[in-house]
Amino acid sequence: MFIIKCPFCGEREQSEFKAGGEAHIIRPKQPTELSDDQWAEYLFMRKNIKGIQFERWNHVHGCRKWFNVVRDTSNDEIKAVYKMGEKPPVQ
Amino acid sequence: MTKNLRVKIGKTIDETYRISFKFNGSTYYGFKGDTLASALLANNIHLVGRSFKYHRPRGIMTAGSEEPNAIVQLHDNSSRTEPNVRATEIEIYEDLEASSQNCWPSVNFDVGGINNILSPLLPAGFYYKTFMWPASFWEKYEYFIRRSAGLGKSPTKPDPDIYEHEYIHCDVLIIGAGISGIIAAKIAAKKGLKTLLVDEKPNLGGSTIYQNSDHFKINNQNSGSWLEKEINEIKKLKNLEIRTRTSVAAYHGYNFLLARENLTDHLPIDQRKDKTRHKLLKIRANKVITATGSIERPMIFDNNDRPGILLSSAIKKYADYFGVACGEKNILFTNNDSAYETAISLIQKGINIEAIIDNREEINSKLIYEVEKSNIKVFKGFTIVNTNGYKRINKVSLMKLSKDGQKVIGSKINLSCDCLGISGGWTPAVHLFTQSGGKLKFREKDQVFIPNKYSSDQISIGSCNGDLTLEDIIKNTPKYLREFLNLKKTDYDNTEVFSSENQSKRNIWLLPSDKILGKTKSFVDYQNDATAKDIKLALREGFRSIEHVKRYTTTGMGTDQGKLGNMHALGIISETAGAKMGELGTTTFRPPYTPLTFGTIVGRNVGEYFDAFRKTPIHDWHVDNKADFENVGQWKRAWYYPKDNEDMNQAVQRESKAARESAGILDASTLGKIDIQGTDASEFLNRVYTNAWSKLAIGKCRYGLMLNEDGMVYDDGVTTRLGENHYIMTTTTGGAANVMGKLEDYLQTEWPELDVYLTSVTDHYATVSVCGPNSKKIISKVIPNLDLTDENFPHMSFKNVNIGKINCRVMRISFTGEHSYEINVQANYGKSVWEKCMQAGKDYNITPYGTEAMHLLRAEKGFIIVGQDTDATMTPIDLQMNWIVSKKKYDFIGKRSLYRSDTSREDRKQLVGLLTDNPDEVLEEGAQIVANVNKSPIEMLGHVTSSYYSPNLKKSIALGVVKGGKNMMGQKLIIPMEKKNINVTVSDPVFLDKENKRLNA
Amino acid sequence: MKNKYSIFSLIKNAFSYHENWQKAWKDPLPKKEYDVIIIGGGGHGLATAYYLAKKHNTKNIAVVEKGWIGGGNTGRNTTIIRSNYLWDASAGLYDHALKLWEGLSQEINYNVMFSQRGVMNLAHNLQDVRDLKRRTHANRLNGIDAVYLSTKEVKKFCPIINTSPDIRYPVLGGTLQRRAGTARHDAVAWGYARAADEMGVDIIQNCEVKNIKRKGDVVEGIETTKGFIKTNKIGVAAAGHSSVLANMAGLKLPLESKPLQALVSEPIKPIIDTVVMSNAVHAYVSQSDKGELVIGAGTDDYVSYSQKGSHDIVEGTLNAILELYPIFSRMKMLRQWGGIVDICPDASPIISKTSIKGLYFNCGWGTGGFKATPGSGDLFAHTIANDEPHKLNAAFNINRFVSGDLVDEHGAAAVAH
């Protein structure tokens, strides 16, 4: 079980958090303009990366804030955390 | 028949404290401090159990948690019975009862022993090759296979003991209180670090503590005495917490470890009542020091499994620690110097040694010279090729080894004995290290895997790190700790050490025999009866990966997880396949290190604490009034209130009728409530609901439907505009938390520009819903100062009023189709407002109704329940609720998905009403709906989602979803039940009061 | 010809001390080119190769496996086999598999120990009851043997379940599929491998695929740790690693790979002789032939390829086990482990062509792929051989995520274990 450093609360047990999947998938501003294919891409298609993944977590049993985590999914090592809207600190 | 083999009282035995215990029904005696194993050995009992596959007699082999053979059932047939307990770990207590497992009728005469005779037919994987004929017979074969497999017996009664969890955060966790662990504890604690030291044994000091020979000295004292002084010192350290009988089970990532602290298993049963049996320690440590020591290796030769064959180090421990001689005619067989330590110890105590067999040819060792001084014959360059004795070893046969160690030469020598100690060198206990994600490297010199790369802030020290001699431990440990803890110096930097041990070793994984391998039984995994020839068979059949061999032969899959034999299996694979050990890698050591009791893992989360339940502020009233409850999510909701001898159906019918005829009252407190504030609150609602919100006037309520982004109905409820920038949203009971999470997600991540704040207030309010034609009269009594005229307080509006001094929010909204009020009041006043309503409604037969009647009443009106009439495959269009889907709004959650090619199809399943031809016949919820029962396969058009007998309409009504149902009004369909077909007609889902007259009645 | 496995061959070989058994499969080096390459040597991949050779007369087939065959989810799952699925498409797929299971040991001459000891699903709340009844009715009309049981009947079929009405989530009923059961997971991989090997399939272990080469929208071959191998048909059956391979070909899939854990107890004499599944409290238990209680835990909610999950998940599962089986409190966990499961948004698999010619995917089985092994292999082989799906897997195409025609087994609360 990880320790996640919530950007608002500091280090907490993983059990206080809920994962929210791949980050930086922006909800299309004009969904009606999209083809079914483009909409499916937003809705369902995921990179599902083995390696460095940018992902969303929610401090659901804490401050309830969403934020981003950079994690290596091959060994679960967390590289960085950053707030929503911020640029990822590592590439 | 029993002899007393207690020689001289050992280090930890209290000879003044005699304890009686039972083994296989007979009474024996031991002393306080004994393990079951040491006490049995003192009574000259070696035969303890039968092996898994061949049912061969097996005895005690080790003195620790690595024991493969001596596993017993405790307290058979009692509620505290426990299978598969290692006799080497359990400390005896008065009235302990243990019995042998996996044998019938007894361990001395076991019918299953026939498997040993049939063993030529039972090589590794034999079951994959047979039992296939006739095809249908596998389950019959399996019946017998299952009965002969398994070890102990499951308890059959609930567990009387309690368990607890404890969370521990420390700077340094040290696992293992042997000599290196003790050194580490002193260094860490003296540095001011909050240190936790755990050890699985009841006492500290590991194997060094019973070392009392002049061949091993630290600062000129024998190593045991030196360590004892150190232990006395660390016990005084403030920063150090010591937990004994505490075994680390799992080492997870981020230095999260689980340990089991055993608190009562060593106490007599009558002293355990109301005490916690085990604590599961959940440890987060900044730094972890693993000092788990090493495990002595057995040797692999023909019939190496007989009772009376022990690890040489175990024989030493039984003698030094427990004062027990394992035999009267002892032979030791070794490939290294350790066995001579055992020999010296036995000689000191006057225990007879017949001979020592050493497979090394020439050895220059002080220990050997000392042993030879006592006129003990040492056979150098010899190996054992066979042993005799069915239930106890009585003879060994040895032969000379060829120079290359591949063959035996010369003639056979037979020696009689009653105990054989074997010593194949040492295996560092790296299990926890690898569990943590650490990577091993192979050290060719002495053929051991040792830690190489750490995955977290941790270090391994002592023999688990490959420092297998006292010298290495004393020299290296302070050095490693200085670096790990960032220290300039330690108390141990100049410690002097003296050891007579010669480090040479002649490692032969599989010792040669004069027989062909196929005729031998050289056990590699004792518990699972996996032999060297099984491993070779697997390789011959193409199973080359170490994991394949493990699975095919079951090597390492017993309750000891192969702590003794795994290295030999690897060695044999390496030699046979010509692959390097380091490249083969090891099999994965899976947690837990030693088996962990389910109850320990679960702790207090049993019974009513399995999952906390939520009750409404009015709950006690429901209990007092004999309500039956329904679980909805975590909530307990009043389901119905049976009166006198009513059954559920009668109660529900009565409640439903009363609500329509006069007045009903429902506890609706469980509905989710979200307070929404901010200048963009209206825009936010526009985006999350399918309908439009901007024009909702202050003080008005509106029903909303929420979709998932995939277009499917997610939740529904009424939202009320309390002010310009203030709404209160209600959600379904089960969906409240998810809706809150989803709304926060969109707000924070997709629409951070919106000025909106969400607060869950579900628990802050109690909600009392009063409905029925007399509800107005009742509310006028409860809230006399509220003008209830339709002009002032129309349907779908809200008032903020006081009942006495209690502020409440009253909504005129209805889920039953009746004239209805919902009073929301601060939770603590919930019960009192409920009782006020009951009092006011007394003259109107106000009837409390539960969730079942509520479901019935709303079904009469065709109102859906999300989750019952929908199943995450239903769009609002499918529900025929097009009216609620705004065409004007540019976007809302899920809108785009409604226009996908499949989601916009006309022939999707749609919500309809269903009326049975026989009005008394009530359909089964979940029943399927078809048009034609004669066509095969029968095409299913949909299913019945809600179904009731309506006391108000005096007929059966149902809701269902049907393919293309919206164009099937009046059409006949069939509900095909198991034994009959029921005819139904598709109808409007609104069965009662289509004009909504009752709302304003 | 391989020698046939039977009691007679076992006796015969006993006389020569089992020195003369043949290799179950060869360990060849890859050829330069194959007609079809299957990526992934688990049950699904090996079964696909077997049926391609056996039923579609494909001659030149390789299965390439990164590690050792059967080492992924095949060797890590809790081996539950059933076909009592809600939707017609799922029922068709899984019952096709169940029928193949019924003759599999004889078909491949390898005892996979398919044991039809029944699978029971329990209901713990009123919606569970409705859902299970709905499913039972659908099963019956689809010709799948499933019956609804009252609480009393549940107790009778499995007496050790705590059916007291006073527990936190009482058992309100259940369903039983008697034809359902368990099988020996390793034997499935090994049996298919041996049978495929006999049909001439090359099983290449320790061969990791590094890239999928394509020319325009047509596949050309694979780059592996054992060199380039040419082919114009690639079937991917890589479970948790499907997305990794899809990314090599420039595709995205609707998958997330998550940790799924399982555990076994120490072996005991027979105590539970069926499989009991409980979605609402999340407890799945059966007993292996060796005597271990085999317990399936749930998935974590984050993507991970580490084959490790959270302790919380294991603890939660055992909480539920003790709720339903308080007698197991003093039993001990012997081993726990994790796998990587690739989950589709609708909890149904993909057996499909892709937008790239010659590239086929068999993935998205989530937590329940083992039960489908023979059916999945058979239908995937059909799809690859004909470049068209069989009618039984037509619904499981990738395009359903675009059109919205999902096979939503999640939505129908029939969690896909």
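Just so we're on the same page: letters track the sequence lines, and every chain starts at 1.
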Check ion pair C/Arg134-B/Glu924 (N to O, under 4.0 angstrom): no

C/Arg330/B/Asp161 ion pair, N-O < 4.0 Å: yes

B/Phe52 six-ring face occupied by C/Lys290 cation (under 6.0 Å, within 45°): yes

Side-chain donor or acceptor of C/Lys269 paired with backbone N/O of B/Ala149 under 3.5 Å: yes

Donor-acceptor side-chain pairing of C/Tyr169 and B/Asn631 below 3.5 angstrom: no

Which atoms of C/Ala193 approach chain B - backbone, side chain, both or neither, heavy atom under 4.5 Å: neither

Contact origin within B/Thr945 toward chain C - heavy atom pairs under 4.5 Å: backbone

CA sep, side-chain torsions, deciding dist, call: B/Val602, C/Ser329, side chain to side chain contact (heavy atoms under 4.5 Å, CB included): CA-CA 9 Å; B/Val602 168; C/Ser329 176; over 6 Å; no

Flag, side chain of B/His943 to backbone of C/His137, donor-acceptor distance under 3.5 Å: no

Which atoms of B/Ser154 approach chain C - backbone, side chain, both or neither, heavy atom under 4.5 Å: both

Centroid separation C/Trp68 to B/Phe543 less than 6.0 Å: no

Sub-6.0 Å ring centroid separation between C/Tyr5 and B/Trp133: no

is_close_aromatic(C/Tyr110, B/Tyr128), centroid dist under 6.0 Å: yes

Salt bridge C/Arg130-B/Glu925, side-chain N to carboxylate O under 4.0 Å: yes

Evaluation steps, salt bridge (charged side-chain N to carboxylate O under 4.0 Å, His left out), between C/Glu19 and B/Lys536: CA-CA 9 Å; C/Glu19 295 279 350; B/Lys536 293 212 172 195; over 6 Å; no

Interface moiety of C/Asn319 toward chain B, non-hydrogen atoms closer than 4.5 Å: both

Atom group of C/Ile271 that falls short of 4.5 Å from chain B, counting heavy atoms: side chain

